[in-house]
Q: 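The structure's right below; bear with me while I get my questions together.
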Amino acid sequence: MPATASRPIPAQAGIGLRSTHHNEFLARRPNLPWVEVHSENFFADGGRQLQVLDAVRRDYGVSLHGVGLSLGGSDPLDPEHLRRLRRLVQRVEPALVSEHVCWGSADGIFLNDLLPMPYTEVALRHLAARVSAVQEFLGRPILVENVSSYLEFDGAEMTEWDFLVQLARRAGCGILLDVNNIYVSAENHGFPAHNYLRAIPAELVGEIHLAGHTAVDGILIDTHSAPVTDAVWALYREAVQLLGPVPTLIEWDAELPTLERLLAEATRADEQASLAGCSNREVIHARVA
Amino acid sequence: MPASPDTAHDLGLQDLQRQFVQEILYRKSDGLRSQVVANGLDAERRLAIYRTNTRETFALALEAAFPVLLACMGGEQFRSLAWTFQRAWPSPAGNLFHVGARLPGFLADHLRGTEEEYLSDVARLEWCVQEALVAADSSSVLDLTALAAVPPDSQGELRFVMHPSVGLLRTDYGVFALWEAHQAGQPVEPAPRLTECLLVRRLAEGVQLQRLATLDILWLEALQDGGTLGESIAALPTGEQDQLGALLVRWVAAGVITDFASGGPLAGEVTT
């Protein structure tokens, strides 16, 4: 069991580290402050994946990003999933832990997708209680991420951004603001992305995500299979101007590029933040961790 | 079929999510469509995006866990199988690792008596490999001196501990060669009918498969089932029980047996 926490995460760009790049990453030890991994990929009892993460955490800040907890689901939280997450958090002692504002199962059937919440008071209360329960179980605050969506439910009682901010305030969690997801949802549902950004209090945001998306038959899909688009870079610059320096992650999960290309995308994120007037050198994870 | 607007608006969070899941997997929901804001794109097309995503995620998870099966079937047939399987045995957890657990049994049921029956053995072998990959680590090495010090009248009650990644498999088809061919990047051919006994385990350099003689698998299976040394001897064929020493030396030296406990069930074992 590691004796010390993983390194802190500065307000600079990191990359999503995927198994395809594990060997090259450990061999090259790129000059990068931090990485993020999907928590569930390290739920194993042992084996190579965990050994890689143990090695990475010695030299890099680590963020654990969950995709399968179904925070907004109506099924009870899965105790085995939570137990494995806590075990991983205790092993890695990550600088950040995050999950999604979504649901993923009903009646024990999981779709393993990030499904949209109805933006109602009932749903908000439900989610806030579940986030609080998770934080209590883990013994630490988490960040919750806005997802891309391809539909909205009728009967919304608030906007998505009001829902997100209210959730963070009620549960005492931070926000992982996915700028690409804001752009995708704004385009798909016809709301101004700027309104979303301007509604998010800077003190709640602990991390930003950037990724590529794909247009299919007039709708944008959050595929994580392409470079960040110019429109999302522009929105990112606006986000940084509004929020100040924030740790920013490049997510790329499908049609993975070379590690070199991924690192170049992270460098570009730092350059874009500088263009926006932020010198991202301050360690700010403590404001939400 | 859209339900009346009143019914739809009364849907609670749980009902909404239940209907969503039923619609995605089985195209069955009463009031869901009327709960979806159309906004330039009808509800059916919006839901279809989630259906596509769910299918894709599930199929990719299976492809990652069953690469040899994928190579045997080809992408199109595999994807078709994945959707049929997903609808029969949807994902039981938020961790995608678990989606493949029931695939070998599903294939066994569906391919029994067909020319593709061997594919269920391929799937069984690959799931065994997956379990080996995620099993706990162990650096234990059996202490032979301590073992030799056990009094003879207590030896029959000894229980041996195997490395957590060890899996034992009996197949009806010769899938070992098929698996090896795939590892070597060679084309895969349908496996012939051939009874094989296999041991799967994780080493530092990756998962290793090896064929076992009948005697070895009988003994190792008895130990893996939680049997005592005495019970494992009883599992050996008459006339072969004098092979016990050789079996013990072989599998301790190979690192398959890593520890022993004297008397009583092993830690964590359920007793009645």
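As a basis for the values below, the full set of heavy atoms in this structure was taken, side chains included, without hydrogen atoms, waters or symmetry mates. Per chain, numbering begins at 1; letters A, B, ... match sequence-line order.
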Q: I'd like to know if B/R33 and B/E44 make a salt bridge, using a cut-off of under 4.0 Å between side-chain N and carboxylate O.
A: yes
Q: Quick check on the structure: residues of residues 156-168 of chain A within a heavy-atom distance below 4.5 Å of chain B, by number.
A: none
Q: Does the A/H100 side chain pair with the main chain of A/G66, one donor and one acceptor, at a distance under 3.5 Å?
A: yes
Q: Side chain, backbone, both or neither: which part of B/L25 has a heavy atom under 4.5 Å from chain A?
A: side chain
Q: Heavy atoms only, distances under 4.5 angstrom: which of B/A93, B/P92, B/P90 has the most pairs with chain A? Name it, please.
A: B/A93
Q: Counting heavy-atom pairs closer than 4.5 Å to chain B, which one of A/L151, A/D78, A/L114 comes out on top?
A: A/L151
Q: Compare every heavy atom of A/L115 with every heavy atom of A/G104, then report the nearest pair and how far apart it is.
A: CA-CD1, 4.1 Å
Q: Report which part of A/L69 has an atom under 4.5 Å of a heavy atom belonging to chain B: side chain, backbone, both, or neither.
A: neither
Q: For chain B, find which of A/A44, A/S39, A/A123 contributes the most heavy-atom pairs closer than 4.5 angstrom.
A: A/A44
Q: Determine, step by step, whether A/W103 and B/F20 satisfy the ring pair (Phe, Tyr, Trp, His ring centres under 6.0 Å) criterion, reporting the C-alpha distance in whole Å, the side-chain angles of both residues, the deciding distance to 0.1 Å, and the verdict.
A: CA-CA 11 Å; A/W103 63 281; B/F20 198 103; 5.3 Å; yes
Q: Can you tell which of B/D137, B/V36, B/V99 has the highest number of heavy-atom pairs within less than 4.5 Å of chain A?
A: B/D137
Q: For B/R45, is it the side chain, the backbone, both or neither that has a heavy atom under 4.5 Å from a heavy atom of chain A?
A: side chain
Q: Is A/L50 in contact with chain B via its backbone, its side chain, both, or neither, using a 4.5 Å heavy-atom distance?
A: neither
Q: Tell me, for A/H126 versus chain B, whether the close heavy atoms (under 4.5 Å) come from the side chain, the backbone, both or neither.
A: side chain
Q: Report the C-alpha distance between A/S74 and B/Q14 in whole Å, list the side-chain angles of each, state the deciding distance to 0.1 Å, and finish with yes or no for side-chain hydrogen bond (donor to acceptor under 3.5 Å, both in side chains).
A: CA-CA 5 Å; A/S74 48; B/Q14 187 176 51; 4.5 Å; no
Q: Considering only heavy atoms and a distance below 4.5 Å, find which of A/A254, A/G190, A/G73 pairs most often with chain B.
A: A/G73
Q: Can you tell me if B/T57 and A/N112 form a side-chain donor-acceptor pair at under 3.5 Å?
A: no
Q: Does any heavy atom of chain B fall under 4.5 Å from the side chain of A/Q51, the backbone, both, or neither of them?
A: side chain
Q: Report which part of B/I49 has an atom under 4.5 Å of a heavy atom belonging to chain A: side chain, backbone, both, or neither.
A: side chain
Q: I need the residue from A/R84, A/R48, A/E80, A/H189 with the largest number of non-hydrogen atom pairs under 4.5 Å to chain B.
A: A/H189
Q: Distance only, no hydrogens: is a donor on one side chain within 3.5 Å (strictly under) of an acceptor on the other, for A/H213 and A/N180?
A: yes
Q: With no hydrogens and no angle check, do the side chains of A/E145 and A/H65 hold a donor and an acceptor under 3.5 Å apart?
A: yes
Q: Before accepting this row, confirm whether a basic side-chain N of the pair A/E121/A/R170 lies closer than 4.0 Å to the acidic partner's carboxylate O.
A: yes
Q: For B/F97, which atoms come within 4.5 Å of any heavy atom of chain A: side chain, backbone, both, or neither?
A: neither
Q: Under a 4.5 Å cut-off applied to non-hydrogen side-chain atoms, are A/E36 and A/L17 in contact?
A: no
Q: Checking heavy atoms, do the side chain of B/E56, its backbone, both or neither come under 4.5 Å from chain A?
A: neither
Q: Answer with side chain, backbone, both or neither: which region of A/S149 has an atom nearer than 4.5 Å to a non-hydrogen atom of chain B?
A: both
Q: Can B/D259 and B/S140 be said to form a side-chain hydrogen bond (donor to acceptor under 3.5 Å, both in side chains), step by step?
A: CA-CA 7 Å; B/D259 205 353; B/S140 291; 4.7 Å; no
Q: Sort B/R202 into side chain, backbone, both or neither according to what part of it lies under 4.5 angstrom from a heavy atom of chain A.
A: side chain
Q: At a 4.5 Å cut-off on heavy atoms, which part of A/S105 comes close to chain B: side chain, backbone, both, or neither?
A: backbone
Q: Testing the 3.5 Å rule here: is there a donor-acceptor pair between the side chains of A/E255 and A/H224?
A: no
Q: Does B/R87 make a cation-pi contact with B/Y26 (under 6.0 Å, within 45 degrees of the axis)?
A: no
Q: Do B/H163 and B/S165 pair up side chain to side chain, a donor and an acceptor below 3.5 Å, judged on atom types alone?
A: yes
Q: Under the ring pair (Phe, Tyr, Trp, His ring centres under 6.0 Å) criterion, do A/H81 and A/F43 qualify, and how do the steps go?
A: CA-CA 8 Å; A/H81 195 107; A/F43 276 7; 4.9 Å; yes
Q: Please look at A/N41 and chain B and tell me whether the side chain, the backbone, both or neither of the residue comes under 4.5 angstrom of a heavy atom of that chain.
A: neither
